[in-house]
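Here is the structure we will look at.
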Amino acid sequence: MKITITNELSLEPINLDHKEALAYYLNDIDIFNNTLKIPYPYTLQNAEDWIQQVMKLESLQSLTNNWAIVQKNNGLIGGLGLHQMYGPDSHKDEIGYWVAKPFWNNGIMTQVLRVFCEYCFEHRELSRIEAGVFNFNKASMRVLEKAGFKKEGYLKKCFIKNGRYIDSVLYANVL
Ligand SMILES: CC(C)(COP(=O)(O)OP(=O)(O)OC[C@H]1O[C@@H](n2cnc3c(N)ncnc32)[C@H](O)[C@@H]1OP(=O)(O)O)[C@@H](O)C(=O)NCCC(=O)NCCS
């Protein structure tokens with residue numbers, strides 16, 4: 001199934017048709033620096049392995065948690081995922097997302113988050129969606145605020161990346 005965001009934008013379950021665009025856009029140091037688990041450099045093999053793994057798990061669970069952000073004329077331009085942080089039956093989950101650099105600052109992620117959260121509240125029985133942002137990621141914090149998330153806390157030394165601690169700012173959108 002697809003989730004319509006606007007006339008131009010939709011979310012599609014991630015699949016192997018997306019692998020070239022995924023590998024092309026995720027091979028970006030600025031995306032690596034602002035996220036926890038995306039490797040850099042990012043290869044076609046990384047894309048293929050990750051998509052295979054996601055598709056296997058999602059077909060076992062009969063649940064889509066990883067979506068391609070698709071623009072009508074450009075195909076995949078970003079990604080969005082629920083991490084199942086608290087298990088598949090929980091009322092809450094954590095969200096992660098990225099948009100390819102050529103499309104930054106056009107309001108895309110804000111639009112996607114607004115509609116996707118409504119979808120989760122209505123169709124996924126979630127009543128709390130969390131996002132943990134590196135404390136230096138101003139663009140992501142701004143997006144969350146514009147999309148209706150509220151800042152709830154500051155978590156010191158929450159993550160380790162490249163052998164260095166990173167503080168996290170916790171946001172949540174609560175039904
Ligand atoms: C964070 C990210 C998803 C935002 O996507 P986007 O489609 O560009 O977001 P939007 O256009 O909806 O909104 C961006 C907002 O951040 C603001 N912004 C951008 N860079 C900024 C900066 N350095 N300081 C402060 N605000 C900034 C923009 O001005 C805009 O706010 P405005 O509408 O008030 O002007 C994108 O930058 C990205 O993929 N970054 C790398 C991966 C990442 O950080 N993922 C999130 C991990 S928590």
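Only heavy atoms go into these numbers, but all of them, side chains included; no hydrogens, no water, no symmetry mates. Order of listing sets the numbers, starting from 1, for every ligand and every atom in it.
- The protein heavy-atom contact nearest to atom 11 (O) of ligand 1 is G107 N, 2.7 Å.
- One distance of note links CZ of R124 with CZ of F116; it measures 6.5 Å at 0.5 Å rounding.
- Below 3.5 Å of separation, one finds an N or O of R142 facing an N or O of ligand 1.
- Less than 4.0 angstrom separates some heavy atom of K138 from each of these atoms of ligand 1: 22 (C), 24 (N), 25 (C).
- For atom 48 (S) of ligand 1, the nearest protein heavy atom (residue, atom name, distance) is S140 OG, 3.3 Å.
- For Y165 and F159, the gap between ring centers reaches or exceeds 6.0 Å.
- Using a 4.0 Å cutoff on heavy atoms, K146 counts as a contact of ligand 1.
- Using a 4.0 Å cut-off between heavy atoms, Y97 contacts ligand 1 through both its backbone and its side chain.
- One distance of note links CE of M109 with CZ of R114; it measures 11.5 Å at 0.5 Å rounding.
- Between T6 and Q111 there is a side-chain heavy-atom pair separated by less than 4.5 Å.
- Within ligand 1, the atoms closer than 4.0 Å to a non-hydrogen atom of N106 are 11 (O), numbered from 1 in the order shown.
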Exercise. Between Y42 and Y40, is a ring-ring contact (aromatic ring centres under 6.0 Å, His included) present by the stated rule, with each step listed?
Worked result: CA-CA 5 Å; Y42 195 97; Y40 183 81; 9.3 Å; no
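- Proximity annotation for atom 42 (C) of ligand 1: of N33, V133, L144, T35, T35 comes nearest, heavy atoms only.
- Salt-bridge annotation for D167 and K156: absent, with no side-chain N of the basic residue lying under 4.0 Å from a carboxylate O of the acidic one.
- Rounding to the nearest 0.5 Å gives a distance of 6.0 Å between CG of N33 and CG of D30.
- Residue I69 holds its CD1 atom at 12.0 Å from OH of Y25, rounded to the nearest 0.5 Å.
- When I69, I108, N105 are checked for heavy-atom proximity to atom 8 (O) of ligand 1, N105 turns out nearest.
- Of the charged side-chain nitrogens involved, none lies within less than 4.0 Å of a carboxylate oxygen, so that E94 and R128 do not count as a salt-bridged pair.
- The backbone N or O of I77 lies less than 3.5 Å from no partner atom in the side chain of Q71, so there is not a single donor-acceptor pair.
- For atom 39 (O) of ligand 1, the nearest protein heavy atom (residue, atom name, distance) is V99 N, 2.8 Å.
- Nearest to atom 12 (O) of ligand 1 by heavy atom, out of I31, T110, V169, is T110.
- With a 4.0 Å cut-off on non-hydrogen atoms, V143 touches ligand 1 through its side chain and not its backbone.
- For atom 47 (C) of ligand 1, the nearest non-hydrogen atom of the protein is N34 O, 3.5 Å.
- The W98 neighbourhood of ligand 1 comprises atoms 39 (O), with distances under 4.0 Å to a heavy atom of that residue.
- Taking a 4.0 Å cut-off on heavy atoms, A131 fails to register as neighbouring ligand 1.
- In this structure, atom 25 (C) of ligand 1 is in close contact with the protein, since a protein heavy atom lies within 4.0 Å of it.
- Remark: minimum distance from atom 20 (N) of ligand 1 to any protein heavy atom is reached at A139 CB, 3.6 Å.
- Residue contacts with ligand 1 for N137 involve side-chain atoms from C-beta outward but no N, CA, C or O (heavy atoms, distance under 4.0 Å).
- Note that CG of D93 and NE2 of H83 are 8.0 Å apart. Values are rounded to the nearest 0.5 Å.
- Residue contacts with ligand 1, taken as heavy atom pairs separated by less than 4.0 Å, involve M109 via backbone and side-chain atoms alike.
- Summary of contacts: the protein heavy atom closest to atom 37 (O) of ligand 1 is W104 CE2, 3.5 Å.
- With rounding to the nearest 0.5 Å, the separation of CD in E58 from CD1 in I51 is 11.0 Å.
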